[in-house]
**Student:** 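I'd like to ask some things about the structure below.
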Amino acid sequence: MSRYLADRLLQSFVVLALMSFVVFWLMGLMPGDPIDLMISADPKLTSDDAIRLRQLHGLDRPISERYANWLGGAINGDLGFSRLHAKPVLTVLWPALGNTVLLLGISFIVSVLIALPAGIYAAIRQYSGPDYLINLAAFAGISIPSFWLALLLITLFSVILGVLPASGTETIGGLSSLWDKAKFLVLPIATLTIASIGSHTRFVRAAVIETMRQDYIRTARAKGASETRVVLHHALRNALIPVVTIIALDFGYLFSGALIVETIFAYPGMGKLIFDAIMGNDFNLAMIAFLFATILTLAGNLFADIAYGWLDPRISMGASEGSSGE
Amino acid sequence: MSELVINQQGQSTWALAWRRFLKHKLAVISGCYLIFVCALSAAAPIFEFLRGIDANQANLFSRFALPSFDAWLGLDELGRDVFTRLLYGGQVSLLVGLVTALVAALFGTVIGLIAGYRGGWVDAILMRLTDSVISLPLLPLLIVLAAIDLNKSGLPDAIIQSENISLYRIIFIVAVVGWTTVARLVRGAALSLRERDFVLAAKVQGASAFRIMSVHILPNLISPIIVATTLSIGNIILLESVLSFLGLGIQPPVASWGNLLTNAQELIFNAPWLAFYPGIAIFVTVIAFNFLGDGLQDALDPKAEN
């Protein structure tokens, strides 16, 4: 177990290190390098000045040297300064991370709370009318473009009904109250929940159907256990194992959803931060925010793997492969 | 004689699958819809010609015109015909979905076959690579890839200056991250198939690794690959649409269902209906591909439970 864990941690670390280099390299290929931005800020700069500035900041050095330089700084805690926000990168990052965790956390809980009963019900009434309807709704949830869903919700609740705000986190100039902030969260959370509930429901349904076919379910029924007991006590506990794994693996997908939703609703989270940083040539911030997002998804995957082995003793942790939760 | 028997069996397997598919009504309806929407999109120039309009022709005197006999879905913020632009957008979105899915499936099949057939350290490295790609934050990565300046990438100018560069770019970047599902699927199946007697027989006869993979193993994997590829198209269309919506995918004046929605948020107070058509087109098309994939799975791979 511990060897396996160490192995997985090492792998995640390698991925992170590789990604940091790849993204550093890609950032160098972005339009508008830092010197161009300085030139546009100060029209009196000559092209000689530009060359000197380039040398001064080491931008004429090869990519590997610049990366080593950046990495050395980053390891010593120098993550740089955000150009857009004029603050150290971490000062900008932490509040955004908190906002995203709040948004993702609530959407995730709401989605699972609805998907669990819906998926179980559909599974034990397989091929019935309600199963058909739940399936249809799940497919619709998977297939709806989340940005369009957000636009529809804004049109309905902000433009037509006028009951919920369309963007931001609190009423500007208004009294800052919890109730006011909560109103701003309703539409982003609703969008994210609808976007993830379909796949969650289908995971639960598939897992329960698979479990209900097992021999021990037949044994439980033969013993005379009530159907409720068979489902809740015997089937559900086993069915939840793959569900936990797949939902944890789904975390990266949820994060992508957060980027879309935060951008549309102008919600100051990690997703919007990354998007704005990339679009605004804020390389320091984009770099660190991207690596944070990578750490988050890697941690989600690691958690999925560990949870799978912990919940299901049949899975041998020594195996170097086949640890995918499929 | 023996050939005849094999032939009949071959036909009946597919005929059986076809009959199972026909039972899946939603999949049949979806298939018909997809054929219809592809044909309609392909016919966009014909509609333009018959009605004597130009999809890119702005007409600032009749912005936001409501649907009429001349303009079936009305006119947009520049007075362009919404219906025709929707069809042109459909051409691009469907093309991106289909081509990207095929490229990704091809890539995934090659990687999965090599990993599964070779096994050992080749398999270990390729599967670590696959796991790593899966564990990356997808959308931020795509945004970075979509935002880089191609003039700095060292690609030949002929490609960068090309009119369809945003099309090639989106196909490439989505395929780069989209091959993992097929690779895992193919690898798992190839791993078990390579131990089967017919593969051993081919090996004993001295068949090359390439021949065994392409002639003996691959044909047995066609059904799951078709299913996975079909199911991936919907997802790819969604990715293309969100990147184009954010202004990073297909660039105007080329229309795609995603970039038709780019201005929708600003126009939501003036003309909310403009946001409706491209969105519903994406939604219905994606759900149709998902139903089709589901139906194909039931038909081709009846043992698998999705």
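Every chain is numbered from 1 and lettered A, B, ... according to where its sequence line falls, protein lines coming before strand lines.
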**Student:** May I ask you to test the B:L238-A:F147 pair for a side-chain heavy-atom distance under 4.5 Å?
**Tutor:** no

**Student:** Of the backbone (N, CA, C, O) and the side chain (C-beta and beyond), which part of A:I274 lies under 4.5 Å from a heavy atom of chain B, both, or neither?
**Tutor:** side chain

**Student:** Pick one of side chain, backbone, both or neither for A:S12, based on which atoms fall under 4.5 Å of a heavy atom in chain B.
**Tutor:** neither

**Student:** Which answer fits B:I237, side chain, backbone, both or neither, if we ask what part of it has an atom under 4.5 Å from a heavy atom of chain A?
**Tutor:** neither

**Student:** For chain B, which candidate among A:T297, A:L152, A:L29 shows the most heavy-atom pairs at distances under 4.5 Å?
**Tutor:** A:L29

**Student:** With a 4.5 angstrom heavy-atom cut-off, could you sort out which part of B:F276 is near chain A: side chain, backbone, both or neither?
**Tutor:** both

**Student:** Is A:R8 salt-bridged to B:D131, cutoff N-O under 4.0 Å?
**Tutor:** no

**Student:** Can you confirm whether A:F275 sits close enough to B:L139 that some side-chain heavy atom of one is under 4.5 Å from a side-chain heavy atom of the other?
**Tutor:** no

**Student:** How about B:R118: does its CZ atom have over 12 heavy atoms from other parts shown lying under 6.0 Å from it?
**Tutor:** no

**Student:** What closest approach, in Å, do A:F290 and B:L141 show between heavy atoms, and which atom pair accounts for it?
**Tutor:** CE1-N, 3.4 Å

**Student:** How close do B:F291 and A:F139 get, counting heavy atoms only, and between which atoms?
**Tutor:** CE2-CD1, 3.4 Å

**Student:** Nearest heavy-atom pair of B:F283 and A:A140: which atoms, and what distance?
**Tutor:** CE1-O, 3.3 Å

**Student:** Heavy-atom pairs under 4.5 Å with chain B: which of A:G28, A:P145, A:A293 has the most?
**Tutor:** A:P145

**Student:** Picking from A:T294, A:I160, A:I154, which has the most non-hydrogen pairs under 4.5 angstrom with chain B?
**Tutor:** A:T294

**Student:** Looking at A:L18, A:L16, A:L298, which has the largest count of heavy-atom pairs under 4.5 Å with chain B?
**Tutor:** A:L298

**Student:** So A:I142 and B:I287, do their side chains get closer than 4.5 Å, heavy atoms only?
**Tutor:** no

**Student:** So which part of A:F292 gets closer than 4.5 Å to some heavy atom of chain B, the side chain, the backbone, both or neither?
**Tutor:** neither

**Student:** Does B:F21, at its CZ atom, have more than 12 non-hydrogen atoms belonging to other residues, nucleotides or ligands within less than 6.0 Å?
**Tutor:** yes

**Student:** Non-hydrogen atoms of chain B under 4.5 Å away: do they reach the side chain of A:I278, the backbone, both or neither?
**Tutor:** side chain

**Student:** If you count heavy-atom pairs under 4.5 Å with chain A, which of B:V133, B:T285, B:N290, B:I134 comes out on top?
**Tutor:** B:N290

**Student:** Tell me which of these, A:I264, A:N301, A:L302, has more heavy-atom pairs under 4.5 Å with chain B than the rest.
**Tutor:** A:I264

**Student:** Can you tell which of B:S241, B:G234, B:G188 has the highest number of heavy-atom pairs within less than 4.5 Å of chain A?
**Tutor:** B:S241

**Student:** Rounded to the nearest 0.5 Å, how far does CE of A:M19 lie from CG of B:L136?
**Tutor:** 4.5 Å

**Student:** Report the distance from atom CG of A:L136 to atom CG of B:L26, rounding to the nearest 0.5 Å.
**Tutor:** 6.0 Å

**Student:** Is any side-chain heavy atom of B:I148 closer than 4.5 Å to a side-chain heavy atom of A:M27?
**Tutor:** no

**Student:** Does A:W148 reach the side chain of B:F245, with side-chain heavy atoms less than 4.5 Å apart?
**Tutor:** no

**Student:** Quick one: does A:L259's side chain get under 4.5 Å of B:P140's, heavy atoms only?
**Tutor:** yes

**Student:** Pick from B:L248, B:V242, B:I282: which one has the most heavy-atom pairs with chain A under 4.5 Å?
**Tutor:** B:V242

**Student:** What part of B:L145 is in contact with chain A, defined as an atom under 4.5 angstrom from a non-hydrogen atom: side chain, backbone, both or neither?
**Tutor:** side chain

**Student:** Within the 4.5 Å heavy-atom criterion, are B:L138 and A:F255 side-chain neighbours or not?
**Tutor:** no

